[in-house]
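The structure appears right after this line, and notes come after that.
Numbered from 1 within each chain, the chains take letters A, B, ... in sequence-line order.
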There are 2 protein chains.
Amino acid sequence: MYVYNYANVCIVLWGRIMKKSPTIKDIARKAGVNISTVSRALADHPHISEDKKKQIRKLAADLNYHRNDLAKSLRVKKTHVIGLIIPDIQNPFYPSITRIIEDQAQERGYNILLCHSDFDPQKENNYLSVLLSRQIDGLIIFPTLKIFRNNKRGIVAGKKIPTVFLDTAPLPGIEGNYVFTDNKHGSYLAVKYLLENGHKSIVLFTSEKGLLSSLEQMEEGYIQAFREAGIRVQNKCIFRGELEEKKGLERSVKKLLNKKKSINYSAIICNSDVVARVIYEQAALMDINIPDSLSVVGYDNTFLCSYLDPPLTSVHQPGDALGHQAINILISQIQSEIPWQYRTVSFTPELVVRNSVKQNV
Amino acid sequence: MYVYNYANVCIVLWGRIMKKSPTIKDIARKAGVNISTVSRALADHPHISEDKKKQIRKLAADLNYHRNDLAKSLRVKKTHVIGLIIPDIQNPFYPSITRIIEDQAQERGYNILLCHSDFDPQKENNYLSVLLSRQIDGLIIFPTLKIFRNNKRGIVAGKKIPTVFLDTAPLPGIEGNYVFTDNKHGSYLAVKYLLENGHKSIVLFTSEKGLLSSLEQMEEGYIQAFREAGIRVQNKCIFRGELEEKKGLERSVKKLLNKKKSINYSAIICNSDVVARVIYEQAALMDINIPDSLSVVGYDNTFLCSYLDPPLTSVHQPGDALGHQAINILISQIQSEIPWQYRTVSFTPELVVRNSVKQNV
DNA sequence: GTGAAAGCGCTAACAC
DNA sequence: GTGTTAGCGCTTTCAC
């Protein structure tokens, strides 16, 4: 590719003459004023005469001028870009959160860099590194727990970028804003409901230990509900599957359903509606009837619930509210001119009963 | 906010001493070399001795150095950022496309700025302007048709940013890459299938004239199918609803269903599965049975289809393939060192038959 | 193999 | 009210 600079106006590219993007310098030359005057006029600075402002704005429009935000950001040390790291936009829990975050951000002059982590600490770390290089003003993340262990004095902590941790209970010693659902209570509700309906052997579908705060919390709630009922929890009823990718999830679900012969559980509590969906699919293939021979409780209460057959009983997480809080808190911190007091917002989940649990076993 | 620069190492902020992000200058000073040496070492330039490289890399890691990409981008005139403008991530057609685009981009060193247009030309324009200011290297957009009329010599065209137009048949005189489904054929298939099943009065649910290329195409296919069958199309069978926002869509659907008494149509062809879903919802409220008193054909063949009751017959659009093509073409153009030959890729849709159409009327 | 220096486009402190 | 100028952090050309 051959590029020649020609009088600061054109570039000869591939033999064709193309316009170089105009800069304030070009506008200044045409208007016969200094570049700082242009800069001020376009920023609607008070001490510039209205005439000049009008003239300069017209010139800018005529030239199809667009400010180079890179230069501005480099200078003022603010990018108005927010990094958003979610597990996977294809999980129906995330689109509404993403949409709300983007809408609010846009309204307040920020843009969103979208990243998918798949709950994979390594992907998460890579993105974090990229986002820091890009000088994001703030970060919203559904973090794995490893991020805290690996990066305590590392990426997030070291750079002190305003951060909202979503779906994570506060971690001792880690400063940051936390917005989450009380997942301990969520699983507690699910277990309690199942126990009340006579279920005894209830599996909790979760992941490898120490992956996600929300899952650790769910385990606690699960255990607590049993304890309150005076029932001992068997270790094998906590099932650790692979959540990271679709194939892995299917494999795990198959494995779990095969175990039904040995451990005769009657119900599964999932950590998301997506897991429940896979259970429905695999159960159908194995001729296991839901809810007659297997009860299922989902998590998130996404619109999948009403479309599944039978409709899925699920623990409602207020996705919209989580997104709202996250973006508002983040922008507040970014724009705060006084020392920031970190916020923790938690929501209480509710059980939404549909028809995937067998009554009065 | 009071900020003091102190020896280029620390900043006193809100009374606390905070580390300023280290720059290559800091590394250079510590290593006792010139900043250009550091720059070269970190870029793995060939003419730097291995010893120095090692030393400098270690120093960078120790300082938790992250290159300032703003400065780099400003200098090299490449941001490695791609703008993605989609209507709404909450429509289940878009998450998989988005995911694929982001994945491929990330793999090749690009990041995605996510924008929601809601098919609103004004929002679209605003985002375009923002993205240009941000100096994106490329753009993927589901455009409204107005963009072409308003910006022929304007935003997109004027700046010559590599662009992939998604879901739009090529527009005469507008250069760019086009990736789309042959929606003319899609609606043709739907009408043909309905006619074969004895339906006579078939409504096409579309939007205001001239909003989207895909909808204009659908109209053509719709008309063609009738013409081939020797049936005259009545104007009132092309229904123009509001797609932009949820409330508007519901209102339009209600209006259309109310018309069933006057125009006794037996089937509706939707321009998306989401529209079909709203029809299902409203029909249920109005005690209209699907498919007995109303047949519905969806569009996109998203996973909604199998979850709706009865399962929705829908025209399949290969979302994944669209996303794949779009991002690959875009990055190819961005990285091309020779004059770019614009590409047009179209996919042929298929009708996926389920149970939402009454047979042999 | 390494250093010196220019400059990307912009803002803002300082001058008048 | 407007001009001059330094400098954000980086890459890259040109010396040596």
Gap between atoms NZ and P, on B:K25 and C:dA5 respectively (whole Å): 14 Å
Results of side-chain contact (heavy atoms from CB on, under 4.5 Å) for B:Q341 - residues two or more places apart only: none
Distance below 4.0 Å between A:Y65 side-chain N/O and C:dG9 OP1 or OP2: no
Could you pull out every donor-acceptor pair under 3.5 Å between side chains of residues 110-117 of chain B and any protein atom, sequence neighbours left out?
unit_1: B:Y110; atom_1: OH; unit_2: B:Q335; atom_2: NE2; d: 3.3
unit_1: B:N111; atom_1: OD1; unit_2: A:R134; atom_2: NE; d: 2.9
unit_1: B:N111; atom_1: OD1; unit_2: A:R134; atom_2: NH2; d: 3.2
unit_1: B:H116; atom_1: ND1; unit_2: A:E102; atom_2: OE1; d: 2.9
unit_1: B:S117; atom_1: OG; unit_2: B:F119; atom_2: N; d: 3.3

Under 4.0 angstrom between B:K77 side-chain N/O and C:dG9 OP1 or OP2: yes
Residues forming a ring-ring contact (aromatic ring centres under 6.0 Å, His included) with B:H324, sequence neighbours excluded: none
Separation of C:dC10 C1' from B:Q135 CD (nearest whole Å): 11 Å
Sequence-distant partners of B:F142, ring-ring contact (aromatic ring centres under 6.0 Å, His included), two or more places apart: B:Y94
Interatomic distance, B:I56 CD1 vs C:dT2 C1' [rounded to whole Å]: 10 Å
For atom CG of B:D69 and atom P of D:dG9, their distance in whole Å: 14 Å
B:S36 side-chain N/O to C:dT2 phosphate OP1/OP2 under 4.0 Å: no
Distance in angstrom units between A:I24 CD1 and D:dT4 P, rounded: 14 Å
Listed once per pair and sorted, the ring pair (Phe, Tyr, Trp, His ring centres under 6.0 Å) pairs that draw on residues 21-47 of chain B, sequence neighbours left out: none
A:S49 and A:D51: side chain donor to acceptor below 3.5 Å: no
Phosphate OP1/OP2 of D:dG1: any A:K53 side-chain N/O under 4.0 Å: no
Modelled atom types, side-chain donor and acceptor of A:T144 and A:E124, under 3.5 Å: yes
Between P of C:dT2 and CZ of B:R29, the distance in whole Å: 20 Å
Phosphate-side-chain proximity, A:N34 and D:dT2, N/O vs OP1/OP2 below 4.0 Å: no
Contact list for DNA chain C against residues 40-52 of chain B - heavy-atom distance below 4.0 Å: B:R40, B:H47, B:I48, B:S49, B:K52
Atom-to-atom span, NZ of B:K78 to C1' of C:dC8 - whole angstrom: 14 Å
Of B:G32 and B:L74, the one whose closest DNA chain C nucleotide lies more 5': B:G32
Rounded distance (Å) that lies between atom P of D:dC8 and atom NE2 of B:H66: 21 Å
